[in-house]
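Written out below as structure tokens is the structure these notes cover.
Heavy-atom basis, side chains included; hydrogens, waters and symmetry copies ignored. None of the values given here were measured: they were computed from a predicted structure. To find a chain, count down the sequence lines: A is the first, B the second, and so on, and within it residues start at 1.
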There are 4 protein chains.
Amino acid sequence: MNLRERKAAKKREDILRSASLVISRQGYHNATMEDIAAELLMTKGALYYYFKNKEELLYRCHDLILTEAKEKMEGIVRMDVSCEEKMRMALRHHIEVAIREKEVFNLIVKPETTFSQDNIPEIIKKRDEYAGLFDRIIDEGVESGEFEVPEKKMARMIILGATNWIQVWYSPEGKYSPEDVEEIYAGQLLKMLRKIS
Amino acid sequence: MNLRERKAAKKREDILRSASLVISRQGYHNATMEDIAAELLMTKGALYYYFKNKEELLYRCHDLILTEAKEKMEGIVRMDVSCEEKMRMALRHHIEVAIREKEVFNLIVKPETTFSQDNIPEIIKKRDEYAGLFDRIIDEGVESGEFEVPEKKMARMIILGATNWIQVWYSPEGKYSPEDVEEIYAGQLLKMLRKIS
Amino acid sequence: MNLRERKAAKKREDILRSASLVISRQGYHNATMEDIAAELLMTKGALYYYFKNKEELLYRCHDLILTEAKEKMEGIVRMDVSCEEKMRMALRHHIEVAIREKEVFNLIVKPETTFSQDNIPEIIKKRDEYAGLFDRIIDEGVESGEFEVPEKKMARMIILGATNWIQVWYSPEGKYSPEDVEEIYAGQLLKMLRKIS
Amino acid sequence: MNLRERKAAKKREDILRSASLVISRQGYHNATMEDIAAELLMTKGALYYYFKNKEELLYRCHDLILTEAKEKMEGIVRMDVSCEEKMRMALRHHIEVAIREKEVFNLIVKPETTFSQDNIPEIIKKRDEYAGLFDRIIDEGVESGEFEVPEKKMARMIILGATNWIQVWYSPEGKYSPEDVEEIYAGQLLKMLRKIS
DNA sequence: AATGAATGAGAGTTCATTCAT
DNA sequence: CATGAATGAACTCTCATTCAT
């Protein structure tokens, strides 16, 4: 990848970051291409040089975040620690991303309102892969006897729901630091998973 | 309230139900005034006789649902049963509404993307009152020694997050009945709240 | 059809006439919805109340003219006169429309550049039906021994090409009246068709 | 003309050929600078090195074709054969170009929709010179007694209209070869011109 | 001589909102 | 009360054109 290509790739990423930001602030439907461009001091026309349309831009945007989150999560799953510890780290990571990305997270969550039929299957696939990493930790924990749950899928849904929700109520100006939230959530959710002997 | 007024009030409610339906189906931003009117075989112009604008209509819509949900929830809180039982009923009720109303629930949840500054405070107030009913059950439970939580507010947020999330993944065509979901969620979340002796 | 419907129908037709005019003046691709609306002192938004999009509007526009022309032409074909006389009348009629409608005629002629796949078959069908009326006159003339041509389809194409072309060069300010053109064209083209004994 | 200039001249002509092709395929308004450049594996920016803008490019494009056609036509007019033979050859040549160049021919035909005031007079002049060559053949034929027409200009217009029209309906996949068309058209149109003794 | 990148004007389209009837 | 009709602002997207490199 030569200089020019690297520059272009960087620009594309800049645009995605800008889009993330604007969407986080205003929501998808209230974020215009103009807004996204303005954030980078570009004109909206330029966006179309890099992305074929708004949906494509948004799709790449969500893909970037989800891919990053997934990679990190895969690292956690592979670690050689107890399942409880893994889940704690996974929760910390997930909460951290949820707080940071807010609205973009919503795109991941409800693709139907935003994306056309073409992109939805891929989005759901990626999303499920990510969620599947939680399943793996739960599975392992159940096998090793650390966890005990009536329905694995529901347990995972409770965990994701609870943590995704954070972006709704969390405010940096509030009384909790992100770390506080991470600790307390992890504590509670692990209590829910733990086998009671 | 004379006949004319009663008729008008009925019509207003019809419109709100229709709006709920359309929004649940298509999401707020994809629900046009035309769509809402069409559902009732009216023309969109007529909606403006009953509601000053789209936001007002949406506001009333969310208000209706939230008020109903709250009233029922208050009944539960006042019942003379154990806190665990109360919480179980509260969860059942909340989940049932979440499944039924889907998108409208989202309005309640993220007013900033939809409503203007004028309506937000009131919405948040109502929403907090509703959430406060969960707090009361938790409080009682902690006092009576049935529950034990590190942070009451967080416990409530986990509960609401987990349950609100259901509307994202739940499908009537799936393998779970609403009752299944209610039971399993209640079981898991109560496990999280329960004092471990 | 009540008053309101009649009014609406009239408006639709007004719009079509206006569109014809603007297209005749500027060509299809240079005629904006704004232009078409301005001609009628409307705003472009209003056009979308009557027609779903530009293509639909243009399609109806061409359909109107073609249908009218075809109806009149059918009357001519059914008349009880010699084939030569029929052809003379058909030519007069066709030339008159070609001069009057100019550009709209072009739409009929080259639908591929303008219309999407959905509308093209119907357009071609209508156009062929119209052209078929010329074929019928030629057929009759050949059978009756009045005409003699090496290839009927080509004869028809020559006739249509020659007459459609008029709108390219004809100007009301020039030295020929429409009637002059009609006479001379008819004379020449009939000479081309006539059986030489 | 040194090497550099020759290279540039060659490139200019390449561009014109490419533009002809793209316009023939897509029509003028649907042919973007990008399309034209892509055909030559260039970027659109480069086109502006050779031509000042799209109109200039199109103008040169049409000029190229018309000039070539005219030169060949002049050769035909100067030949020492009967007028009927001359006209037959002229028709063959014209039809052949019309079939080959399709859309570009349209540019020649209706400059008003495409070109700005600056270029139109020149275009019309060239076009009239070309058409004038047909006039000369007709004139000669009338003088020599081979042809007989009521109005020379109209006769020419019929001929050009009929033949230009071919590009509208002709398809290489159809049942007629270009040569078929040339023969039948020439036969019919000459019958129209011929003096009937 | 050519490219990649950016601009900006304008097109078609949508929709909340208004209002005479 | 309700409707049909119209408005106008906003939005997405396109493309001829420019320009630094």
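Note that C:Lys11 lies outside the cation-pi zone of C:Tyr49, set by a 6.0 Å cut-off to the ring centre and a 45° limit from the axis. Relative to the six-membered ring of A:Phe51, A:Arg60 misses at least one condition, a distance below 6.0 Å or an angle of at most 45° to the axis.
Between A:Tyr48 and E:dA6, a side-chain N or O to OP1/OP2 separation shorter than 4.0 Å is absent. At least one side-chain nitrogen or oxygen of C:Tyr50 sits closer than 4.0 Å to the OP1 or OP2 atom of F:dA6. The phosphate of F:dA5 (OP1 or OP2) has no side-chain N or O of C:Arg4 nearer than 4.0 angstrom. The shortest distance between the side-chain N/O atoms of D:Tyr49 and the OP1/OP2 oxygens of E:dA1 is below 4.0 Å. In this structure, C:Lys52 does not reach the E:dT14 phosphate: none of its side-chain N or O atoms is under 4.0 Å from OP1 or OP2.
The residue among C:Glu55 and B:Gly45 whose nearest nucleotide of DNA chain E is located toward the 5' end is C:Glu55. Heavy-atom nearest nucleotides on DNA chain F were determined for D:His29 and for A:Met33, and the one closer to the 5' end corresponds to A:Met33. Along DNA chain E, the nucleotide nearest C:Ala46 and the nucleotide nearest A:Thr43 are compared for position; the residue whose nucleotide lies closer to the 5' end is A:Thr43.
When the C1' atom of F:dA6 is taken as reference, atom NZ of C:Lys7 falls 13 Å away, rounded to whole Å. Nucleotide E:dA6 holds its P atom 12 Å from the CZ atom of A:Arg12, rounded to whole Å. Atom C1' of nucleotide E:dA9 and atom CD of A:Glu34 are separated by 12 Å, given to the nearest angstrom. Protein atom CZ of B:Phe115 is 15 Å distant from nucleotide atom C1' of E:dA16, rounded to whole Å. At whole-Å resolution of the value, NZ in D:Lys54 and P in F:dT18 are 15 Å apart. Distance D:Leu47 CG to E:dA1 C1': 13 Å, rounded to the nearest Å. Going from atom CG of C:Asn30 over to atom P of E:dG10 covers 14 Å, rounded to whole Å.
Taking a pair to require two hydrogen-bonding distances under 3.5 Å in either a Watson-Crick or a G-U wobble arrangement, F:dT21 pairs with E:dA2.
The ring-ring contact (aromatic ring centres under 6.0 Å, His included) check on C:Tyr59 picks up C:His62, with sequence neighbours excluded.
Minimum atom distance to the side chain of A:Met42 is reached by E:dT7, of the listed E:dG12, F:dA16, E:dT7. Listed nucleotides: F:dC15, F:dT17, F:dT14. Nearest to the side chain of D:Lys44: F:dT17. In the set F:dC11, F:dA16, E:dA11, F:dA16 carries the atom at the smallest distance from any side-chain atom of D:Thr32. Nearest to the side-chain atoms of A:Asn53 among the listed nucleotides E:dT13, E:dG12, F:dC13 stands F:dC13.
Salt bridge status for A:Lys10 with A:Glu5: absent, with no side-chain N to carboxylate O gap under 4.0 Å. By the 4.0 Å N-to-carboxylate-O rule, C:Glu13 lies too far from C:Arg6 to be salt-bridged with it.
As judged by a 4.0 angstrom heavy-atom cut-off over every strand, B:Ala8 is placed among residues making no nucleic acid contact. When heavy atoms are screened at a 4.0 angstrom cut-off, B:Phe51 is found touching no nucleic acid atom at all.
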